[in-house]
Student: 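Below are the structure tokens for one structure; questions will follow.
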Protein chains: 4
Amino acid sequence: MAGNTFGTLFRYTTWGESHGPAIGVVVDGVPPGLALDEADIQTWLDKRRPGSSRFTTQRREADQVKILSGTFEGKTTGTPISLMIENTDVRSKDYDAIEDAFRPGHADYTYFKKYGIRDHRGGGRASARETAARVAASGIARKILGESIAIRGALVQIGPHKVAPARWDWDAVAANPFFCPDPVMAKEWESYLDAIRKSGNSVGAVIQIEAEGVPAGLGEPVYDRLDADLAKALMSINAAKGVEIGAGFEAAALLGDANADEMRMENGNATFLSNHAGGVLGGIATGQPIVARFAVKPTSSIAIPRKSVDRSGSDVDIATKGRHDPCVGIRAVPVGEAMMANVLADHLLRHKAQCG
Amino acid sequence: MAGNTFGTLFRYTTWGESHGPAIGVVVDGVPPGLALDEADIQTWLDKRRPGSSRFTTQRREADQVKILSGTFEGKTTGTPISLMIENTDVRSKDYDAIEDAFRPGHADYTYFKKYGIRDHRGGGRASARETAARVAASGIARKILGESIAIRGALVQIGPHKVAPARWDWDAVAANPFFCPDPVMAKEWESYLDAIRKSGNSVGAVIQIEAEGVPAGLGEPVYDRLDADLAKALMSINAAKGVEIGAGFEAAALLGDANADEMRMENGNATFLSNHAGGVLGGIATGQPIVARFAVKPTSSIAIPRKSVDRSGSDVDIATKGRHDPCVGIRAVPVGEAMMANVLADHLLRHKAQCG
Amino acid sequence: MAGNTFGTLFRYTTWGESHGPAIGVVVDGVPPGLALDEADIQTWLDKRRPGSSRFTTQRREADQVKILSGTFEGKTTGTPISLMIENTDVRSKDYDAIEDAFRPGHADYTYFKKYGIRDHRGGGRASARETAARVAASGIARKILGESIAIRGALVQIGPHKVAPARWDWDAVAANPFFCPDPVMAKEWESYLDAIRKSGNSVGAVIQIEAEGVPAGLGEPVYDRLDADLAKALMSINAAKGVEIGAGFEAAALLGDANADEMRMENGNATFLSNHAGGVLGGIATGQPIVARFAVKPTSSIAIPRKSVDRSGSDVDIATKGRHDPCVGIRAVPVGEAMMANVLADHLLRHKAQCG
Amino acid sequence: MAGNTFGTLFRYTTWGESHGPAIGVVVDGVPPGLALDEADIQTWLDKRRPGSSRFTTQRREADQVKILSGTFEGKTTGTPISLMIENTDVRSKDYDAIEDAFRPGHADYTYFKKYGIRDHRGGGRASARETAARVAASGIARKILGESIAIRGALVQIGPHKVAPARWDWDAVAANPFFCPDPVMAKEWESYLDAIRKSGNSVGAVIQIEAEGVPAGLGEPVYDRLDADLAKALMSINAAKGVEIGAGFEAAALLGDANADEMRMENGNATFLSNHAGGVLGGIATGQPIVARFAVKPTSSIAIPRKSVDRSGSDVDIATKGRHDPCVGIRAVPVGEAMMANVLADHLLRHKAQCG
């Protein structure tokens, strides 16, 4: 069944394969009258673009977005906004060697089992290239959210190496190729990741996304809770294997009196004294910052040979050449930010519809 | 916006408050001709029922389910199945003391901010009582899944105390009041939790849910992936703060060659040599067991006073009396199993619709 | 696939069979803080109730509605509202004679072909009894619409006998058992319908529904147009075979200059000089009254023998006893009003979400 | 709220304005492995293409479709299929005269009231140009339906002039510029429509669409009935004002014994002796041909001056130049066929999901 649409009121559908002529997204439900041009979207695509350092895939895509509909004289019209990004640096020959074999840990196998089709060129629809379309949609989502809601993300762990909370500096994030908020750790990652890259291996990571300025009330329990929709959104990112809100798995080890975010009146406002909840209680935003983390596994396309099978049912050993990210977690940072924006824009409209 | 419906093809809507006359669920999209009577549903409700040991709330509910529609002569007719459970042991007076104050860490505050209404009696709609309706729905979901898909869950951590993988014994789960697969740890939890209960405190937990026999191919990328829908389903359970599939957050620390689930032909079938993926690749089931975990925070209703505020904007200290679970994680086990069943039933029908 | 839910933001799901223990509806997405008690819903059920004259079925149902959830202290809470109506006057024995045979023109045959199940008792889910649940939902829809939107309906044709536009008097509608706005025609219908009833036959009808005070702007093109959703809503009523908006099929015979609803400024407002459009242009409300009509076929359960077949594949002649409406069009008037209310409430919230 | 998506399992979203760079559609949920190339879609676009006779708009569009995703080596892959048609013959200057004024009977006014935006160029999103995207989608729908389901349409009325049932000849439809099944009436229409065209006026029409070979069982009551979804689909076509199934409004004048479609066994199959139902009973297909009709109003863009108002609130008289269809009903025939195909493809998958 159709599964390529995200959101309900801010609703978008992505399309396109890694090695097709283009990828794109149609965004429906956008309020009219918002100022929007291609630069508003391009800025987020540029942040995600591959090839920006030696730690990401060497595929060179301009990722130039075109607006094909839904705006008039620089403003949204309320009708569907169609965005398209042409694929330019496609090298399908790299994939001839794996035309019949399945990469262990890759969606190759499951797409074939599900659809009976093997589009071996660059992962086809399962490629992380699809995330460019999500990021493009988020350029519109952020227009809906407005200036008062700020979303930012950071890479907080690569392999076993975690950033130190005491050294956390949001300004550092833009100053290294890892979106790392800890300048000391960024240095360590550089040599660590160089070694992994040279050995043809890959490594996992954890990404943290925060949103400030989210008004209390967003979220639609009991199923379309804000945290449940965030969990789905972040788990839908390629390679994601886990999602946490606030204290997350650490909450399992806490006692009730320690976990409770106590409240006091401050300047006439109810104010929380801590944020173990990560900004969500009962599936509804508290008004505190939304804090989410997600883990991504190591890239499955590696140059180290692994045992596998092929379409004809023979055992094979497979090593992937192509051009791949040694740590997909790096480029997952802007993608995670995008999904946070897409979820919040949807919930802002949903809350307005019923309770606005 | 309406948010009380789960699923697309196996689709159900729950209703009811903790202290209203009844709770219930309407299940639509059920294939016709399935044998179904009340006992098929009651068996799962009995597993979740409160008051079964001193470690769960002392509220005594018979949780007797009635089928009001959708069956004829013991078989499903393909029309909506309405299930109702009457509330019998309601003691709203327990809650008079908190009529105006917000329990820290509870949905009290956010429901009030969202809806402008304060139904203080037992948590209203935010109460875990709603999970009985999900469990009832899962009785039908399991009929759709059939005998070849087996779902089971276990509590794997309470506070800092984790079960030992080496001692894991599925048969032990039914032999202690914690759904604990480790008989040694079950004993430790007993004294640990007794102490917490007596101190009026509470504690978090981690639950693991597995599904065996799930056919390869289930899952609808790129958004309605099987793992993304599981993440949403499990995060929608009361008190959930984190969800993992397979290796989960541990995958962040792994290298690509270690994480790859290698494959070999065995007796003519492609067979995985490990299951870091937790049975899902690219959002699609691999055919291996689906393995998911979720963390729940400590119950927010505790007898230890916490700082809070009330509706009139005054600082208050609040301690909750009522009858509460010292560890909601225990009863979250059958609820997690239920959500696994509900997700799989939906995806079984979804896959059949497009690829069957 | 699940098909018993109507609406998107004002969203309800109905359940129940004609001869089951009860029927009901769960309404989700209702704004919080609306005054609502059972009397607000009962008033519309009473208008639709069977057995109120000799021209409708003699089944006597109290149709007493209970609110099971979603309100607190007389106000909506924003959570799902569950409404239940018990079936009391069930006489399933009447249907024993048709246990195996299919009534020509009835859904008997198609439900059996679709689901493989034959619930012969009173039509099962296909019975017009389901419409009580829609009418109940409309009691809530009208609360959302508020006092400024007025919905009213009338029966405008029975068999070949149409009301005279020149004699149209809305006040007459409540003064006869037909919801007829033409007192002269109401008299004629009385004798006409008596003859049909006595002969064991039935007859079709046309119903007109109008809504005044609908603000310009409601409707979500290009698919979820206001008129398209009305067409679906009215066609979903039992026995409906046609739907028109404004001039409807008459528009086919008009020239462009005659059909154009010209406009002039009046007291500072753009004002239409006619309403061929029936209040909808391009799928969006113009601000003029919404005018819709739908045709219903004659009741298929008649006492006159008709040729048919049975489950075993034999030819049979069948005459239905039971208690049936000689003209279902009469009771379709409040049902049509209800569906108009349900569509408008949904679109009011939808418009607010994107453009409010 | 987003309203540009049609269908649930066969689900597509259209985008694009009359005078933008392109229009298009993304089709999701398509079963994998279907043979599909651009010619399969082009054939239906060619049938609808403007400028094919003097009775349709003189805008000359090649309407050349491109497949941008979702196929591999000539087969569908199960992933979203993105189709794009570039706009080539755009003459926006024609519309400068109406930049501020609203055409009576056109969506100009309501789009402005809803969205606060005036895209005066060729009707913007409200233009019938959008129907090309629906027709493109139907090329894929027909692949799902397969060879055994045949859909065909005809124009059965222009102004007051109706085809004669006795002269109905499906082979005649392709032999005149009106899709008219009555060769004698086609001649009459030619002179009638020439006179209307020369006078700068327009006229309404009625279109009939039939589908043969539809298996009994399609349709999802009680809301997503096959006839209700058809009513929505056909009413969503530009200028539509009425929809009928089978006997339609004529059913209102029938008695029950005449309307009943009697049944007899023939060669071991239950066979209907008439088809007043138009192939749908209780919202479910009977297995007989599906017969639907819809009425379209006259084109609102006419050269005869009409009274109107403009954005500044002044009275104006307005006559439209541009290039317009004197009878949009002609090109509505392939659009009606397309919507029939789109509805049936969706319901085929829906039925399979629950009952297959």
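Scope of the values below: all heavy atoms of this structure, side chains included, with no hydrogens, waters or symmetry mates. Residue numbering restarts at 1 for every chain, and letters A, B, ... go by the order of the sequence lines.
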Student: Scan side-chain atoms only and decide if Ser301(D) and Arg103(D) contain a donor-acceptor pair under the 3.5 Å cut-off.
Tutor: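 Looking only at side-chain atoms, Arg103(D) and Ser301(D) do form a donor-acceptor pair, the distance falling under 3.5 Å.
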Student: What part of Thr77(D) lies closer than 4.5 angstrom to a heavy atom of chain A: side chain, backbone, both or neither?
Tutor: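 Backbone plus side chain of Thr77(D), per the 4.5 Å heavy-atom cut-off to chain A.
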Student: What residue, out of Gly78(D), Gly29(D), Ser82(D), Gly3(D), has the most heavy-atom pairs lying under 4.5 Å from chain A?
Tutor: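 The residue among Gly78(D), Gly29(D), Ser82(D), Gly3(D) with the greatest pair count is Ser82(D).
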Student: Picking from Gly124(A), Gly16(A), Ala2(A), Gly33(A), which has the most non-hydrogen pairs under 4.5 angstrom with chain D?
Tutor: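 Between Gly124(A), Gly16(A), Ala2(A), Gly33(A), the count favours Ala2(A).
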Student: Between Arg48(A) and Ser138(A), do the side chains contain an N or O donor and an N or O acceptor separated by less than 3.5 Å?
Tutor: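 Absent: no donor and acceptor within the cut-off.
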Student: Between Arg142(D) and Asp40(D), is there a salt bridge with N-O shorter than 4.0 Å?
Tutor: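 Result for this pair is no, no salt bridge flagged.
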Student: Look at Leu9(A), Leu68(A), Thr79(A), Ile117(A) and state which one has the largest set of heavy-atom pairs under 4.5 Å with chain D.
Tutor: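 Maximum pair count with chain D is reached by Leu68(A).
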Student: State, without any angle test, whether Asp229(A) and His347(A) hold a side-chain donor-acceptor pair at a distance under 3.5 Å.
Tutor: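 A pair is found: one side chain offers a donor N or O, the other an acceptor, under 3.5 Å apart.
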Student: Are there more than 12 heavy atoms of other residues, nucleotides or ligands under 6.0 Å from atom NZ of Lys143(D)?
Tutor: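 Result for NZ/Lys143(D): enclosed.
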Student: Which atoms of Tyr115(D) are under 4.5 Å from chain A, going by heavy atoms: the side chain, the backbone, both sets, or neither?
Tutor: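 Both backbone and side chain.
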Student: Can you tell which of Ala22(D), Gly70(D), Gly7(D) has the highest number of heavy-atom pairs within less than 4.5 Å of chain A?
Tutor: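 Between Ala22(D), Gly70(D), Gly7(D), the count favours Gly70(D).
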